[in-house]
Amino acid sequence: MTTRVAAAAPRVLRRFLCTNSASFSSPSFPFIPSPPSGAAPVPARPTAEPNPNLFVSGLSKRTTTERLREEFAKFGEVVHARVVTDRVSGYSKGFGFVQYATIEEAAKGIEGMDGKFLDGWVIFAEYARPRPRLGQHVNNATQYGRQ
DNA sequence: AGTGAGCGC
């Protein structure tokens, strides 16, 4: 169902799935701040910039790292893939990461796998956020979410 | 919990 898909979708994609934006496109709608003309093209919704690493969500709990790798390998050379699992229970958390050799392959991986079915679930593939170094603290200003 | 949004050690 579309509602299930929308519920499982990341926030960035929900605008795509919920296309009833007619009531929100009214100029008199008070909660939509009109973007200043000539403003910077920085997106209000934080989307990670294109990079070879993908964040894949909406996975079935049964989907394994091997399965993830072989499905995404149809669209490019996968240098690394991992389904994130709970360390004590060993069960999948329902998301994972796929790293391609190049950004071009990552783009094809998104086009080929985003919104597609994998083990019975609609999965979502997008560019992963850069992971902070191990044991290194991050500056708040350089993080995603707020500029 | 096979709990359904999410960003990994």
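Labels below follow one simple rule: chain letters A, B, ... track the order of the sequence lines, proteins then strands, and each chain is numbered from 1. Quantities reported herein were computed from a predicted structural model and do not represent experimental measurements. Any value given below was found using the heavy atoms of this structure, including those in side chains, with hydrogens, waters and symmetry copies removed.
Under the side chain to side chain contact (heavy atoms under 4.5 Å, CB included) rule, S60(A) has a single partner from D119(A), I123(A), V83(A), L118(A), which is D119(A).
N51(A) places a side-chain N or O within 3.5 Å of a backbone atom of E49(A) that can act as its donor or acceptor partner. The backbone N or O of V78(A) lies less than 3.5 Å from a partner atom in the side chain of R69(A), making a donor-acceptor pair. No donor-acceptor distance shorter than 3.5 angstrom exists from the side chain of E105(A) to the backbone of Y100(A), with no hydrogens or angles considered. At least one donor-acceptor pair under 3.5 Å links the side chain of K116(A) to the backbone N or O of G112(A).
Distance check, rounded to the nearest 0.5 Å: CZ of F72(A) to CG of L54(A) gives 6.5 Å.
Rounded to an integer number of Å, the gap from D86(A) CG to dA1(B) C1' is 12 Å. When the C1' atom of dG2(B) is taken as reference, atom CG of D119(A) falls 13 Å away, rounded to whole Å. If you measure from atom CZ of F124(A) to atom P of dG4(B), you get 15 Å, rounded to the nearest angstrom. Between the P atom of dC9(B) and the NE2 atom of H80(A) lies a distance of 11 Å, rounded to the nearest Å. Taking atom NZ of residue K61(A) and atom P of nucleotide dG6(B), one finds them 14 Å apart after rounding to whole Å.
L54(A) comes within 4.0 angstrom of no nucleic acid atom, judged by non-hydrogen atoms across all strands. At a threshold of 4.0 angstrom between heavy atoms, the contacts of N53(A) include nucleobase atoms, whether or not backbone atoms are also involved.
Of the two residues contacting DNA chain B, namely L59(A) and R82(A), the nearest-nucleotide position lying further toward the 5' end is that of L59(A). Both R62(A) and Y127(A) sit near DNA chain B, but only R62(A) has its closest nucleotide nearer the 5' end.
Contact check of residues 66-74 of chain A against DNA chain B (heavy atom, cut-off under 4.0 Å) returns no residues at all. For the contact set between residues 87-101 of chain A and DNA chain B, defined by any heavy atom under 4.0 Å, the members are R87(A), Y91(A), K93(A), G94(A), F95(A), F97(A).
Checking dG6(B), dT3(B), dC7(B) against every side-chain atom of R129(A), the shortest atom distance belongs to dC7(B). Of the candidate nucleotides dG4(B), dC7(B), dG8(B), dC7(B) has the atom lying nearest to any side-chain atom of F55(A).
Both V98(A) and L59(A) are part of a single hydrophobic cluster, where members link through side-chain heavy atoms under 4.5 Å apart.
For E111(A), the CD atom counts as loosely surrounded, since its 6.0 Å shell holds 12 or fewer non-hydrogen atoms of other residues, nucleotides or ligands.
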Next on the checklist: Does F95(A) form a ring pair (Phe, Tyr, Trp, His ring centres under 6.0 Å) with F55(A)? I'd like the steps, not just the answer.
Outcome noted: CA-CA 7 Å; F95(A) 66 91; F55(A) 171 68; 5.6 Å; yes
